[in-house]
Amino acid sequence: MNQCLPVNAKMSKAKKVLDEARETQNRELDLVDKGLVSFEELPGLFNMANITRLTLSHNKISIISPGIANLLNLEILNLSNNQLTELPVSLSSMPKLRILNVSINRLDNLPRGFGAFPVLEVLDLSYNNLNEHVLPGNFFGMETLRALYLGDNDFEYIPKEVGQLKNLQILGLRDNDLLELPREVGDLLRLRELHIQNNRLQVLPPEVAQLDLLSNKSVMKMEENPWVNPIAEQYLLGISHVIEYLKTETYKIIYNRHMQAGRSGPPPPKADKSKKASRVRA
């Protein structure tokens, strides 16, 4: 009997939040750090069609029920810091979902058709176990996306289709294993923040210089990479010097030689990520 008490206590806590929301017609549900393991502990949740924001961060949920798609008015879904190993296909059919945060989980794949979100603006997939091989074919078809966070994963390359995200303003790629960026990054003309720190990058495509990364509201983070000497020297002087250098004919020659040579010598070593929380299996 004693083993059941914590579960009952959790369910009653969560049920209390749901009951209060129903009574008050509250459109925002806050279920942070309630010790939840499953959506089964949230009876009747998927019938609450008026909900616009659902926060379930800091729990121990491993699977999202496909029934989540019944929440037709949901605009913000936060499932960060759980134990998710997969996402349901139904998620990308949600008609009003604008912000999806599934960072700090254990995802090593994405469902087919994941890029079908009709109005998604912010997608946070950081701190998982994702790489370029598990991105579904339509991943970069999310034309409404303004911010994409892929930091703390296992990407070595970013597909050239990233250039299709014409409305993207923030691209977070820090703490991966990136060996290069595609030239198509230069097509992201609305980009104002580029985070590429702590990767294995040695060169940048000259097209990066086409982006507005030097205005007051812009951010470019590029530290902790094994840059070729000319970039490293310019970086010591500041980001603006790097951007100007990328525009020079001298650099274009260096870049083309580097790419044709397939990187001189072996690629920089990977960081040891074996102790990441996302790798731990319960």
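- When the salt bridge (Lys or Arg N to Asp or Glu O under 4.0 Å) test is applied to Glu223, no partner is found at least two apart in sequence or on another chain.
- Judged as a ring pair (Phe, Tyr, Trp, His ring centres under 6.0 Å), and not counting sequence neighbours, Phe140 has no contacts.
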Enumerate, atom names and distances included, each donor-acceptor pair closer than 3.5 Å involving a side-chain atom of residues 190-198, sequence neighbours excluded.
unit_1	atom_1	unit_2	atom_2	d
Arg190	NH1	Asn167	OD1	2.7
Arg192	NH1	Leu189	O	3.3
Arg192	NH1	Arg190	O	3.2
Glu193	OE1	His195	NE2	2.9
Asn198	ND2	Asp175	OD1	2.4

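- In this structure, the side chain to side chain contact (heavy atoms under 4.5 Å, CB included) partners of Asp187, at least two apart in sequence or on a different chain, are Lys166, Glu184.
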Take Arg22 and Asp19, measure what salt bridge (Lys or Arg N to Asp or Glu O under 4.0 Å) needs, and give me the verdict at the end.
CA-CA 5 Å; Arg22 285 191 195 96; Asp19 289 343; 3.0 Å; yes
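- Residue pairs meeting the ring pair (Phe, Tyr, Trp, His ring centres under 6.0 Å) criterion with at least one partner in residues 89-109, sequence neighbours excluded, are absent.
- Hydrophobic clustering, defined by side-chain heavy atoms of Ile, Leu, Val, Met, Phe, Trp and Tyr closer than 4.5 Å, groups Val122 together with Ile76, Ile99, Tyr149, Ile170.
- The ring pair (Phe, Tyr, Trp, His ring centres under 6.0 Å) test applied to Phe139 returns no partner, not counting sequence neighbours.
- Counting only residues at least two apart or on different chains, the side-chain hydrogen bond (donor to acceptor under 3.5 Å, both in side chains) pairs with a member in residues 63-77 are Asn73-Lys96, Glu75-Arg98.
- Side chains of Asp152 and Asn176 form no contact here, defined as non-hydrogen atoms less than 4.5 Å apart.
- Applying the ring pair (Phe, Tyr, Trp, His ring centres under 6.0 Å) definition to pairs two or more places apart or across chains, none involves residues 54-110.
- Checked against Glu41 for a side-chain contact (heavy atoms from CB on, under 4.5 Å), the options Leu36, Leu31, Ile61 give a single hit: Leu36.
- Rounded to the nearest 0.5 Å, atoms CG (Asn131) and CG (Asp177) are 9.5 Å apart.
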Which donor-acceptor pairs under 3.5 Å do the side chains of residues 226-245 make with protein atoms, sequence neighbours left out?
unit_1	atom_1	unit_2	atom_2	d
Trp227	NE1	Met222	O	3.0
Glu244	OE2	Lys247	NZ	3.2

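- With no hydrogens or angles considered, a side-chain donor-acceptor pair links Asn78 and Ser80 at under 3.5 Å.
- Using the six-membered ring where Trp is involved, Tyr251 and Tyr255 have ring planes that are tilted, between 30° and 60° apart.
- Evaluation of the side chain to side chain donor-acceptor pair (under 3.5 Å) rule for Glu143 yields no partner, not counting sequence neighbours.
- Residues meeting the side chain to side chain contact (heavy atoms under 4.5 Å, CB included) test with Asn256, sequence neighbours left out: Arg183, Gln260.
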